[in-house]
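Data first, discussion second: the structure below is written as structure tokens.
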Amino acid sequence: MLDINFIRTHKADVEYAIKSKAYKVDLDELLRLSDERKSLTQQIEQLQQSRNANSAEIKRLGGKPDPKLIETGKKIKAELSKLEDKLAKIEPAYINLLKSVPNVPEKDVPYGLSEDENEVAEIIGEPTKFDFTPKNHYELASIRDWIDKERAAKVTGARFAYIKGDLVKLQMAIINFVINSLTDQSVIKNIIDSYKLDGLSDKPFTPVLPPLMLRTEMYDAMDRLEPREDRYKIEGEELWLQGSAEHVLGSMHAGEIFEEANLPIRYLGYATSFRQEAGTYGKDMEGIIRMHQFDKLEMESFSTKETSRKEHEFFVAIQRWLLEQLELPYRVIRKCTFDIGKPDARGIDMEVWLPGQNKYRETHTADYMTDYQSRRLNTRVRRNSGELELVHTNDATAFALGRIMVAIIENYQTADNKVKIPTVLKPYLNNKEEL
RNA sequence: GGAAGCGUGGCCGAGUGGUUGAAGGCGCACGACUCGAAAUCGUGUAUGCAGAAAUGUAUCGGAGGUUCGAAUCCUCUCGCUUCCGCCA
């Protein structure tokens, strides 16, 4: 949610945000409601003042209240309730309109009304070359009996899978590699230095196993509940399965006040995420590219407004570092206004080269929310000066395990249907050369 | 599933109708003492909204009600805790 005073004073920016993200919000109506609300509130406060004065007078006179004063009190009460009813009538419309305004994109976010307008910012590495015809991950995994979707279909339905055998070991190896790396201060420092993020804190991440469900209220405050058709609701409860650890990590400190000295707070969450994938019927049906359930390592951080943009770049740097550690060819995508989310001020994707599909596919996202989420979550920081202000939030994928394993299988496959193990993962797989 | 209890400031914790935005403590900030620190003492220390400010107003989980007046009484609701049962 944006601040109403910001909207009032930066109307052009907000109009741009609405248009460039293809939202529809009646800003004039919002401002009109805001004015009406303000004037009603002022009238109400004046009445409250006279009510309080009247009560104080009765109190001052002690046990014997003057009937005249009681009469005045009753009159004030009646008027007050009239105005309060009026206010209550416009309040929901006002709040809904205010909530529907998307965050304003940063200046360097390309304008675009479809994902085709995303920009390729950089290409790192070359598409992997083979002296044989490479298979896609599912062909290879089927030969090796690593993925069983038939039985999953029987038990659970489409877009589910049993992951088996060496693929399970590979997933565990990746998880351990990432957790070991990002909780190690020297690794963090190294990333900050090599990507020239001078001045940024080298505080390591705290690993977290979060709950996988969250309340409607929290999901909504994160502004990630919509579209609900893509979420799973628990029947008979005000609970939803999270679609990303961001949802449960970002809401973790709702209503709290951080001390500036404790920021940034960096979490590395590992969680199984759930998505209905509404509107993607028939898309990516082969293999495990797009599933209702997938495991993910996710970064989330809380920082001050001065450091949050750099923190966002730091998250992107970590993503690059991780992909480079795995020696995977990838490209960096600067997402356009349409493609970054409603709460996002900026968004960067990583796409890894998939030989089996002969194209780059999204494996990572980094979202920069400024104070948009924390305003509704009411997550604040007490600055060293004593001032209170909203914190800024960032989130980004470390690895979506399914897709990164697809990338490893396809890029590291051999002619005899084996998968070479990326060097950094070998220590986590008994120093074997291949799976 | 059964029963009971509890939701008050950054934290703990008083407060059952009238200067209570709220005692006391912890924490924190500043000052005194000290060569310095600890300890001790003193002072200060909630947030939102409106306002240049003075100040006003609201907020004691949330919503509604009673009353001239509600943290305090009533109703509903949400959340949490404990005990018993069941299960891992």
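In what follows, every chain begins at residue 1, and chains take the letters A, B, ... in the order their sequences are listed.
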For this session: Just compare rC80(B), rC68(B), rG10(B) and give me whichever is closest to any side-chain atom of Arg215(A).
Result: rC80(B)
Output a table of donor-acceptor pairs, distance under 3.5 Å, between side-chain atoms of residues 425-435 of chain A and any protein atom two or more places apart or on a different chain; print 'none' if there are none.
{"from": "Lys426(A)", "atom 1": "NZ", "to": "Glu433(A)", "atom 2": "OE1", "distance (Å)": "3.1"}
{"from": "Tyr428(A)", "atom 1": "OH", "to": "Asn180(A)", "atom 2": "ND2", "distance (Å)": "3.0"}

For this session: Starting at atom CD of Glu71(A), determine the distance to atom P of rU67(B), rounded to an integer number of angstrom.
Result: 13 Å
Problem set entry | Watson-Crick/G-U partner (both atom distances under 3.5 Å) of rA50(B) | rU55(B)
For this session: Provide, to the nearest angstrom, the distance between the CD atom belonging to Glu387(A) and the P atom belonging to rG10(B).
Result: 16 Å
Problem set entry | Residue whose nearest RNA chain B nucleotide is more 5′ - Glu259(A) or Gly73(A) | Glu259(A)
Exercise. Looking only at atom P, what distance separates rU20(B) and rA46(B), rounded to whole Å?
Worked result: 16 Å
Exercise. Using purine N1 to pyrimidine N3 plus N6-O4 or O6-N4 for Watson-Crick, or N1-O2 and O6-N3 for G-U wobble, each under 3.5 Å, what pairs with rA32(B)?
Worked result: rU40(B)
Exercise. Given that Ile257(A) and Ser55(A) both sit by RNA chain B, which one's nearest nucleotide is further toward the 5' end?
Worked result: Ile257(A)
Exercise. With rounding to whole Å, what would you report as the distance between rC41(B) and rA50(B) at their P atoms?
Worked result: 42 Å
Exercise. Which whole-number value in Å describes the distance from Leu87(A) CG to rA50(B) P?
Worked result: 14 Å
For this session: Respond yes when some side-chain nitrogen or oxygen of Arg382(A) is under 4.0 Å from OP1 or OP2 of rU47(B), and no when none is.
Result: yes
For this session: Quick one: do Tyr23(A) and Ser100(A) satisfy side chain to side chain donor-acceptor pair (under 3.5 Å)? Show the steps, please.
Result: CA-CA 9 Å; Tyr23(A) 276 79; Ser100(A) 69; over 6 Å; no
Problem set entry | Distance, C1' atom - from rG79(B) to rU8(B), rounded to whole angstrom | 15 Å
Exercise. Counting N and O atoms only, with roles assigned by atom type, does the side chain of Ser303(A) sit under 3.5 Å from a partner on the main chain of Pro264(A), one being a donor and the other an acceptor?
Worked result: no
Exercise. Over how many whole Å does the gap from Leu388(A) atom CG to rU45(B) atom C1' extend?
Worked result: 12 Å
Exercise. Which value, in whole Å, describes the distance between the C1' atoms of nucleotides rU45(B) and rG24(B)?
Worked result: 15 Å
For this session: Could you tell me which nucleotide pairs with rU75(B) by Watson-Crick or G-U wobble geometry, both distances under 3.5 Å, or answer none if nothing does?
Result: rA63(B)
Problem set entry | Closest heavy-atom pair and its distance - Cys336(A), Glu117(A) | CB-O, 3.7 Å
Seminar exercise, completed: To the nearest angstrom, the CZ-C1' distance between Arg383(A) and rG10(B) comes to 18 Å
Exercise. If you measure from the C1' atom in rG10(B) to the same atom in rA4(B), how many Å do you get, rounded?
Worked result: 31 Å
Exercise. In whole angstrom, what separates Ile44(A)'s CD1 from rC49(B)'s P?
Worked result: 17 Å
Exercise. What string of B, S and - do you get for nucleotides 56-66 of chain B 5' to 3' if you count protein non-hydrogen atoms under 4.0 Å?
Worked result: BSS--------
For this session: With the side chain of Gln42(A) defined as its heavy atoms from C-beta on, choose the nearest nucleotide among rA50(B), rC68(B), rG79(B).
Result: rA50(B)
Problem set entry | P-based separation of rA22(B) from rG27(B) [nearest Å] | 23 Å
Problem set entry | Distance, C1' atom - from rU77(B) to rG7(B), rounded to whole angstrom | 13 Å
For this session: Under a 3.5 Å limit for both distances, which nucleotide forms a Watson-Crick or G-U wobble pair with rG17(B), could you say?
Result: none
Exercise. Asn54(A) has an atom CG; how far is it from atom C1' of rU67(B), in whole Å?
Worked result: 13 Å
Problem set entry | Spacing of the C1' atoms in rG69(B) and rC84(B) (rounded, Å) | 45 Å
For this session: Indicate yes or no for a side-chain donor-acceptor contact from Thr156(A) to the backbone of Ala153(A) under 3.5 Å, with no hydrogens or angles considered.
Result: no
Exercise. To the nearest angstrom, how far is Ile76(A) atom CD1 from rU67(B) atom P?
Worked result: 16 Å
Exercise. Is the side chain of Ser34(A) donor-acceptor paired with the backbone N or O of Leu30(A) at a distance under 3.5 Å, no angle test?
Worked result: no
Exercise. Run the ring pair (Phe, Tyr, Trp, His ring centres under 6.0 Å) check on His392(A) and Phe302(A) step by step: do they pass?
Worked result: CA-CA 6 Å; His392(A) 279 210; Phe302(A) 303 89; over 10 Å; no
For this session: Would you mind pulling out the nucleotide paired to rG27(B), Watson-Crick or G-U wobble, both distances under 3.5 Å?
Result: rU45(B)
Exercise. So, does Asn103(A) use its side chain to make a donor-acceptor pair with the main chain of Met369(A) at under 3.5 Å?
Worked result: yes
Exercise. Going by the angle between their ring planes, with limits at 30° and 60°, are Tyr232(A) and His292(A) parallel, tilted or perpendicular?
Worked result: perpendicular
Seminar exercise, completed: pair_partner(rG5(B)), Watson-Crick or wobble, both distances < 3.5 Å, evaluates to rC80(B)
For this session: State whether Asn5(A) places a side-chain N or O below 4.0 Å from either non-bridging phosphate oxygen (OP1 or OP2) of rA50(B).
Result: yes
